[in-house]
Every structure is written in C-alpha cells, then in structure tokens.
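As structure tokens, the structure follows; a few thoughts come after it.
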2 protein chains.
Amino acid sequence: MNPSLPIACTEHDHNLCVHQALQAADALCSRQGVRLTALRRRVLELIWQSHKPLGAYDILAVLSQEDGRRAAPPTVYRALDFLLGNHLIHRLASLNAFIGCTHPAHAHQSHFLICRVCHTAIEVDSPAISATIHAAAEAVDFRIEGEMVEVVGLCAQCQAATK
Amino acid sequence: MNPSLPIACTEHDHNLCVHQALQAADALCSRQGVRLTALRRRVLELIWQSHKPLGAYDILAVLSQEDGRRAAPPTVYRALDFLLGNHLIHRLASLNAFIGCTHPAHAHQSHFLICRVCHTAIEVDSPAISATIHAAAEAVDFRIEGEMVEVVGLCAQCQAATK
DNA sequence: AAGGATGAGTTATATAATAACGTCCCTCAC
DNA sequence: GTGAGGGACGTTATTATATAACTCATCCTT
Ligand SMILES: [Zn+2]
Ligand SMILES: [Zn+2]
Ligand SMILES: [Zn+2]
Ligand SMILES: [Zn+2]
C-alpha cells in the first residue's frame, strides 16, 4: 500500500480521526466564541463517521432513531449551516451531501476528489489548483469569492479492486 | 470596455449566439446520428436565451405556457439528459441549473465562473486548470473521470457597477 | 403488416431544502 | 427581581428539484 495516499483512502484508526476532528471543533468554536452545542457536535460526529459524504436526510434518520422522537429537517439544516459557517464541514454540491473538513483551522476552498465506487471524498489541498483558477479568472476580470472543485473518478483502492 | 472579456460579459448580438448554437447543435447531432427533435431543440433554445443558467422548472414553465397543455417534469428532464449526453449543455450543480455549452464540438470538462450578482456563467477553457487538477489527483493515485469547477464571485461588469 | 426501438405524455412519488412561527432558556439592563 | 432581547431548537407546512413506472404514438426494419 502506498504510504503517501491520503488517510481517507487507507486503513487507519478512524476513531482517532473522529476524536481529533471533534477536539479541533471544540477548540475552534471556543476560540471563536460560538457554541458547539450537543446537537451540532452530534451532527458533526455523524458526518465524521466515515470519509464518505453524508446527506442531510441520512443524518436526520439517525437523529430521529436515536432520539426516539421527532427531528425535522430544519433541525439538521440549522446544525449544518452552523458547521458550514464555521468551516467545520464542506458541502458537496454534486452529491447534495456533507463531509468533515480535514483542516478547519485555516481558511481554504472546497476541492475534492470523489470516488464513484466507494464514495470516499478526498479533500485536496493544492495551492496550484487555486493559482490556475485565479489566473483564469483574472484573464476575464472576474473577482473570485469562492471556489468549488469536485472531481469524480476512481480512488486508488477501487482502481486496484476493479483490475 | 475590455474587448478581451468573454462574450457572455459584454454587449453583443445575442441572437447570433443562439443561432450559432442551434446550428452547431444541428450539425453535431446529424454527425452523431442522433435526433435533435423539436422538443430538444426548443429546450436548447430556451437554455440559450441568456448566458445565465436556467432551472429545469423554469424551462417547464415556459413549455407549459406556450404549449397550452401542461408539460410535466420528465418531459424536460429527458430533453436535458439528451442535451447533457451530447455535450450541448452543462449542468451547474451549485445552482441546480443548466447552461449552453460554448464549444460543444470537442470534449471538455465543466469549468465555470458564476457571477453572484447578475448570474452570468462564463465557461472557462483553461488547460492549466485541468493540468493542476490532474497533478493533484495523480499525487494520490486517483483516476479522474470528470471534473467540475464552479467558481462564484463578481464578473467584471458587476464589479464596476458596485464600485 | 408485424415487430422493435425511440420519443414523449401521464401520474405518482422520491429527495432536498426552506418558510414561518412558537417555546425555552440564558443574559443583561434597569 | 423582572422583563426585554436574543439564540437555539421544536413544529408544521410548503417549496424546489428530480425520478419511477407505465402508457401510447411514431417510425424504421423486416
Ligand atoms: Zn479516518
Ligand atoms: Zn476543508
Ligand atoms: Zn450571447
Ligand atoms: Zn462546454
């Protein structure tokens, strides 16, 4: 196995992923003076349950089940809005789904490689991608406010599996 | 006015845009041996009515009105699927909307600059963007099947207007 | 004319997201 | 204290986007 592969694509202690993500979220929210309430934290935890994007209604189903009672769409969407606003998750428009941000501490754009087979979404941190996008925008005098890059294809594992 | 700006951002004879797009579509479909039926052609024409992405239900509303009888969603979505499949339009996932392809004759990815204010969508043809995306994908052994780049911001005109 | 493929009409439903309003609870000025 | 204000969340209803399943008409092909 290629040791340089992103963690999302490799066998790893995923409990540690979740734990670190939640700790980072706690730290970030306290630093920002915003409240990571129990509900918001639980939604973030659910999103982090895997490296695959999760739909709002999937989250809703889990909450409804474990809460015994209700849980309506606005409950989930408000939590998601909070998490998005504080850069703790990203929204993948091509999937209508959400995924935990792997480096929430610094501002960055949403660049993902999404496996068509196993649905793993790999967050890419490539300044070169942003640089070329900025160059193209500058050429037509366009002022960038937000970039969204979603690439679909096959991750390393699924390529190997289908060989 | 900057003469190097993309046509979508400038004053121009838009009837010509539409006319050329429909002619190109006729040519392409006949070359491919597929049928650009009246309905499909009409939907393409509606999408080309501006350089702003158009929603499926906007198309549906127009068709319903002019047809007298109510057109139903599948009618529109089937036409859209055909147009997408033959690369005559692109789908903008971040807007759930569709826009005419400016160079359908050769295969290419979906790269757009979308103005937050006037909603104009500028199709970008930048091999450099694809190159950097490919480099990032190769670094993690990911095989690309399709790229989606949607950048939101302010087009040149709207920057000038809000100054 | 029979058979098969394609395009499109029709009805119903699935999936995703938001609007509008109410309640609880905490905090802060008075 | 108390009550005004605001944030978080519950609740109900609705809007927006997309697809399933079935039907029929048309047009080739044989
Ligand atoms: Zn993990
Ligand atoms: Zn991130
Ligand atoms: Zn034009
Ligand atoms: Zn195009």
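Letters A, B, ... mirror the listed sequences (proteins, then strands); counts begin at 1.
Residues A/Arg91 and A/Glu150 share a closest heavy-atom pair of O-OE2, 4.0 Å. Taking all atoms of both residues into account, the shortest heavy-atom contact from B/Ile99 to B/Ala121 is CD1-CB, 3.5 Å. Here the closest heavy-atom approach between residue B/Cys118 and residue B/Lys52 is recorded as O-NZ, 3.1 Å. Of all heavy-atom pairs between B/Ala56 and B/Val76, the closest is O-CG1, 3.6 Å.
Tracing side-chain contacts under 4.5 Å through hydrophobic residues (I, L, V, M, F, W, Y), one reaches B/Leu39 starting from B/Leu88; they form part of the same cluster. Under the 4.5 Å side-chain heavy-atom criterion for ILVMFWY residues, a single connected hydrophobic cluster contains both B/Val18 and B/Phe98.
Applying the 4.0 Å criterion to OP1 and OP2 of D/dC9, one finds that A/Thr37 has a side-chain N or O inside that range. Remark: B/Asn96 is in phosphate contact with D/dA18, judged by side-chain N or O atoms under 4.0 Å from OP1 or OP2. Regarding contacts with the backbone of D/dA18, a side-chain N or O of B/Tyr77 is found under 4.0 angstrom from either OP1 or OP2.
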Practice prompt. Produce a footprint string for nucleotides 24-30 of chain D: one letter per nucleotide, 5' end first; B if the base is under 4.0 Å from any protein heavy atom, S if only the sugar-phosphate is, - if neither.
Written response: -------
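Atom-to-atom, CG of A/Leu84 to P of C/dT18 comes out at 10 Å; the value is rounded to the nearest Å. One atom, CZ of B/Arg42, and another, C1' of C/dA8, lie 17 Å apart when rounded to the nearest Å. Residue A/Asp81 contributes atom CG, which lies 12 Å from atom P of D/dA8 at whole-angstrom precision. At whole-Å resolution of the value, CG in A/Leu95 and C1' in C/dA16 are 13 Å apart. In this structure, CG of A/Asn86 is placed 10 Å from P of D/dA8, rounded to the nearest angstrom. Between A/Asp58 atom CG and C/dT15 atom P there is a gap of 10 Å when expressed in whole angstrom units. To the nearest angstrom, P of C/dG7 lies 17 Å from CZ of B/Arg41. The separation between B/Leu54 atom CG and D/dT17 atom P is 11 Å, rounded to whole Å.
Comparing C/dA19, C/dA17, D/dC9 by their nearest atom to the side chain of A/Arg91 picks out C/dA17. Of the listed nucleotides (D/dT19, C/dT10, D/dT12), C/dT10 has the atom at the smallest distance from the side chain of B/Arg78. Taking only side-chain atoms of B/Pro74, from C-beta outward, the nucleotide of D/dA18, C/dA17, D/dA20 with the closest atom is D/dA20. Looking at the side chain of A/Thr75, the nearest of the listed nucleotides D/dA18, C/dA17, D/dT11 is D/dT11. Distances from the side chain of B/Ala56 to the nucleotides D/dG10, D/dA18, D/dT11 place D/dA18 closest.
Panel note: side chain B/His12, backbone B/Ile7; a donor-acceptor pair is recorded below 3.5 Å. For B/His14 (side chain) and B/Trp48 (main-chain N/O), a donor-acceptor pair under 3.5 Å exists by modelled atom type.
Contacts of A/Arg40 with the nucleic acid, taken as non-hydrogen atoms under 4.0 Å apart, involve only primed sugar atoms and P, OP1 or OP2.
In this structure, A/Ala72 and B/Gly55 both approach DNA chain D, and ranking their closest nucleotides by distance from the 5' end singles out A/Ala72. Each of A/Pro73 and A/Phe82 was assigned the nucleotide of DNA chain D with the nearest heavy atom; the assignment lying further toward the 5' end belongs to A/Phe82.
Between B/His108 and the options B/Glu147, B/His87, B/Glu123, a side-chain hydrogen bond (donor to acceptor under 3.5 Å, both in side chains) holds for only B/Glu123.
Judged by centroid separation below 5.5 Å and plane tilt below 30°, A/Tyr57 does not stack onto the base of C/dT15.
Side-chain atoms of B/Val140 and A/Cys9, non-hydrogen and from C-beta on, never get closer than 4.5 Å to each other.
Terminal axes of the helix from C/dA1-D/dT30 to C/dC30-D/dG1 (five pairs each, C1' rotation axis) are separated by 10°, to the nearest 10°.
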